[in-house]
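Below is one structure, written out as structure tokens; comments come after it.
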Protein chains: 2
Amino acid sequence: MTRDVDLLITGGTVVTMDEERRLLPSGWVAISGNRIVAVGSGDAPDSVWRPKRRIDATGMVVMPGLVSCHGHACNSLVRGMAEDRPLHEWLTEVLWPAMSHAGPDEVYRGALLSAVEMLRSGVTCFADMWTEVPSTARAVEQVGLRALLAYNLRDFGDPEKTTVELGRAVRAWRECDGTGDGRVRVGLGPHSIYACTAGMLGRARELATEHGLLLQIHVSETRREFEQSVEQHGVSPIAYLERMGFLGPDVIAAHVVWLGDGDLETLKQREVSVAHCVASNLKLGSGIASVRDYRNAGVAVGVGTDGPASNNSLDILADLKIAALLHKGVGRVPKEMPAADVVAMATADGASVLGLGDELGRLAPGRLADLILVDATGAHFTPFHPHDPNQVYAHLVYSAKSTDVRTVVVDGRIRMLDGAFVGLDEKAIIEGAQRASSRILVAAGLLPASGH
Amino acid sequence: MTRDVDLLITGGTVVTMDEERRLLPSGWVAISGNRIVAVGSGDAPDSVWRPKRRIDATGMVVMPGLVSCHGHACNSLVRGMAEDRPLHEWLTEVLWPAMSHAGPDEVYRGALLSAVEMLRSGVTCFADMWTEVPSTARAVEQVGLRALLAYNLRDFGDPEKTTVELGRAVRAWRECDGTGDGRVRVGLGPHSIYACTAGMLGRARELATEHGLLLQIHVSETRREFEQSVEQHGVSPIAYLERMGFLGPDVIAAHVVWLGDGDLETLKQREVSVAHCVASNLKLGSGIASVRDYRNAGVAVGVGTDGPASNNSLDILADLKIAALLHKGVGRVPKEMPAADVVAMATADGASVLGLGDELGRLAPGRLADLILVDATGAHFTPFHPHDPNQVYAHLVYSAKSTDVRTVVVDGRIRMLDGAFVGLDEKAIIEGAQRASSRILVAAGLLPASGH
């Protein structure tokens with residue numbers, strides 16, 4: 001007896017990232033609605049499943065969609081215009097001034113551009129932090145991704161701003177949470193301990209607890225932030241947040257580069273998740289997070305591309321390679337950071353970081369159907385010996401290119417098929433973003449008005 | 001009056017990498033035979049040049065072909081099969097045993113695979129080190145690249161081997177030097193101070209001086225090598241080589257991670273060039289070369305992908321990003337390693353490292369016509385503001401993907417046009433390499449005989 005399913009993907013090497021890390025050299029995935037119904041291997045599917053639609057994944061790796069745990073999608077408008085600067089200077093002299101000229105339309109166009117780039121790169125779910133949540137939500141909905149959008153709270157010591165911004169955050173949540181057929185979740189994003197008063201951080205914590213929202217915050221990104229915290233609060237940023245009762249399992253701490261004594265224990269005890277932004281931390285000279293230690297301590301660590309103005313791309317496969325290389329290289333520990341663990345950071349672990357550990361990040365029955373097909377037939381992917389799981393993981397981390405991602409399914413819907421978007425005009429999106437970028441850069445004096 | 005040329009490339013953003021680092025937002029390049037005749041900007045070309053063939057580079061960056069200064073092309077056969085090991089273990093337990101089963105045909109097929117990967121990635125010239133020089137030369141000739149192939153000398157303390165291997169090296173030089181219409185040069189590649197006796201190193205030096213050959217050698221790659229040298233020779237690897245009179249402007253030192261007192265001064269004084277293999281050094285846990293110091297001291301530094309078994313790719317654009325990020329990040333010096341300098345490492349500086357500083361690496365009249373067209377219209381390349389040179393260089397280092405390389409010209413001949421190879425059957429090459437890989441891995445016991 002056969003059972004009807006909406007989509008059957010057959011003939012690929014299925015990297016499940018499930019609890020047993022099963023890898024099926026000739027596997028299949030059956031999907032109904034937005035959920036995975038079954039995953040298996042061999043010739044069974046045709047006698048069991050009668051699919052409405054079928055994708056032949058011969059020569060492909062089928063794996064969970066990639067999860068990026070921290071970023072600022074609309075910052076694509078400033079990509080490549082804020083180079084060779086440390087974080088504080090980058091933020092206050094280029095990024096914030098430039099983006100202050102971006103209204104809802106520009107933010108939408110920047111976010112749309114990034115959503116397209118992420119879709120092409122196999123990112124099916126991302127965490128974002130910016131103020132114009134409705135603009136970003138619209139882009140996410142249109143491109144078909146899944147996202148956690150945290151309203152970016154900053155008051156810079158001004159209590160009037162505290163109230164106004166918190167009010168906006170709540171409105172953004174009410175307006176956008178659950179949109180895109182539930183793919184958009186809204187959270188709170190108090191920027192950092194240096195851009196938010198204790199009052200704002202405290203209120204954000206209360207609101208998060210009251211409404212069950214996730215909190216996304218930049219934590220201990222630079223040595224400057226760490227030292228300022230010690231100077232102003234007498235303790236490290238993490239100890240300061242712990243002291244005010246901010247930390248908990250609903251907190252996604254981005255960066256976490258600088259730790260004081262006891263901070264790692266605090267992160268573990270409070271079940272705080274970490275978004276490791278390897279490229280951005282290196283580029284801005286912020287430092288190198290000891291993610292091997294975090295992982296060994298049992299802290300959930302995902303990978304975040306960070307915004308396209310400090311990376312400068314949203315190619316999370318490239319970031320996985322950088323992370324693996326960096327952490328092997330810096331400690332001169334080539335045996336550590338095995339490729340399978342690195343893939344986990346952008347799939348199962350990343351899903352956990354975003355509070356979706358039971359829903360996403362693994363190809364297993366009952367999970368949301370977010371998955372990608374990665375072409376394994378290119379010269380750079382050769383030789384391919386799928387019966388050796390280690391080689392498959394190594395290829396995904398070290399050899400795969402984001403352009404190998406050929407097909408993307410999010411929430412059971414095919415959003416890209418063999419490199420072609422379904423229902424999206426990529427060229428128009430690129431042109432719209434280009435114009436929006438010119439507008440804000442000219443307004444900010446970063447580009448001359450002529451010649452564009 | 002118009003002048004006949006063979007090829008005219010118009011309408012692109014020309015990144016010349018010439019002495020003035022001119023960047024021409026609407027530029028053109030005229031080519032006759034295998035040389036660049038002129039580079040300019042604006043609408044002039046049609047009134048001046050009458051081309052046999054024309055390439056429209058609208059939406060493209062036109063730049064010098066990329067130069068990879070160290071690698072082992074045929075090692076692609078072992079890609080992804082030698083993971084999570086430090087150099088010595090990787091070399092003696094996997095790489096050498098596996099490659100010992102590779103005869104001339106397997107080496108040819110592995111090198112051909114790598115040549116195809118390099119061509120697709122915009123690498124037009126590479127330095128290689130392996131024993132089967134004729135096999136690699138054949139692959140280079142077929143794919144149309146330019147290469148320096150160093151015969152890999154090793155005697156492991158056995159004087160009989162010294163003579164045999166040096167004889168083979170000289171034969172390889174006589175047989176292959178100047179093949180491929182002069183694109184193939186052959187040099188000597190004494191492996192390292194730990195795989196070569198002082199006698200072999202001395203003879204290699206003599207032969208190089210006598211015949212004007214380049215010397216390629218792994219130098220001070222690991223701390224183990226450094227410490228062994230101090231133990232056995234009383235000095236660092238570089239001081240040991242200096243003491244025996246080995247060093248000179250014809251030496252390409254690969255890796256150079258560990259320096260003793262005075263070593264940097266020695267490198268500078270002897271005008272030794274360095275091939276920085278950032279990905280490989282990190283992956284094998286060898287350490288981090290202080291290339292900022294080398295560059296500041298005036299030592300020529302290029303980038304090498306190293307072999308595909310320790311990277312695991314030949315994507316030099318990816319390596320440029322890793323190098324820029326690493327050296328900004330490790331020293332927390334975001335202002336250093338500006339993108340233009342990083343691009344130079346893979347173009348003009350790389351050419352200098354390979355002794356072709358007057359011939360390659362810049363788009364300028366009289367230079368060899370090795371150049372690539374990089375698509376600047378993708379979402380990840382947006383916004384693109386070509387009137388801002390900094391942004392163009394930043395995009396090339398941080399945002400460009402190897403798959404953006406659409407067209408490749410080597411020695412004046414179009415080898416890839418808008419992603420399509422000219423006269424190469426890529427699929428057959430990939431399949432041939434896959435079979436060759438299976439053969440040697442099965443023979444080495446690294447893959448089961450069944451299932452392939």
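Labels below follow one simple rule: chain letters A, B, ... track the order of the sequence lines, proteins then strands, and each chain is numbered from 1. As a basis for the values below, the full set of heavy atoms in this structure was taken, side chains included, without hydrogen atoms, waters or symmetry mates.
Between Q434(B) and P383(A) the shortest side-chain heavy-atom distance falls below 4.5 Å. Between H387(B) and P448(A) the shortest side-chain heavy-atom distance does not fall below 4.5 Å.
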Verdict with supporting geometry, K321(A) and N311(B), side chain to side chain donor-acceptor pair (under 3.5 Å) = CA-CA 10 Å; K321(A) 178 167 183 171; N311(B) 183 317; 2.7 Å; yes
Apply side chain to side chain contact (heavy atoms under 4.5 Å, CB included) to the pair H385(A) and S437(B), showing each step before the final yes or no.
-> CA-CA 9 Å; H385(A) 300 297; S437(B) 168; 2.9 Å; yes
Passes side chain to side chain contact (heavy atoms under 4.5 Å, CB included), E83(A) versus Y393(B)? Steps please.
-> CA-CA 10 Å; E83(A) 297 302 299; Y393(B) 293 117; over 6 Å; no
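Distance CG/L325(A) to CG/L325(B): 11.0 Å, rounded to 0.5 Å. A distance of 9.0 Å separates CG of D388(B) from CG of L446(A), quoted to the nearest 0.5 Å.
Interface remark: L441(A) contributes side-chain atoms only to the contact with chain B (heavy atom separation under 4.5 Å). For a residue to count as touching a neighbouring chain, one of its non-hydrogen atoms must lie under 4.5 Å from one of that chain's; by this rule N312(A) touches chain B with backbone and side chain alike. With a 4.5 angstrom heavy-atom cutoff, E431(B) does not touch chain A via any of its atoms. Within the 4.5 angstrom heavy-atom criterion, only side-chain atoms of R223(A), from C-beta onward, approach chain B. No part of A318(B) comes within reach of chain A, as not one of its non-hydrogen atoms sits under 4.5 angstrom from that chain. For R120(B), no part lies near chain A; criterion is any non-hydrogen pair under 4.5 Å. Neither the backbone nor the side chain of K427(B) comes within contact range of chain A; no heavy atoms are under 4.5 Å apart. Interface residue T377(B): only backbone heavy atoms are found under 4.5 Å from chain A. Residue contact with chain A, scored on non-hydrogen atoms closer than 4.5 Å, involves the side chain of H395(B) exclusively.
Of all the heavy atoms in A433(A) and T382(B), the pair that sits closest is CB-CG2, 4.4 Å. For the pair A379(A) and R79(B), the tightest heavy-atom approach, listed with the atom from each and the gap, is O-NH2, 3.2 Å.
Chosen from N390(B), L77(B), L326(B), the residue pairing most often with chain A at heavy-atom distances under 4.5 Å is L77(B). Most heavy-atom pairs under 4.5 Å with chain A, from the set E426(B), K335(B), M118(B), H327(B): that is K335(B). The most heavy-atom pairs under 4.5 Å with chain B, out of P308(A), S402(A), P334(A), P25(A), come from P334(A).
Residues of residues 282-289 of chain A that come closer than 4.5 Å to chain B, counting heavy atoms only, are L282(A), K283(A), L284(A), G285(A), S286(A), G287(A), I288(A), ordered by residue number.
In this structure a side-chain-to-backbone donor-acceptor pair under 3.5 Å is missing from R332(A) to P86(B).
Remark: the K401(B) side chain and the T403(A) side chain contain no N/O donor-acceptor pair separated by less than 3.5 Å.
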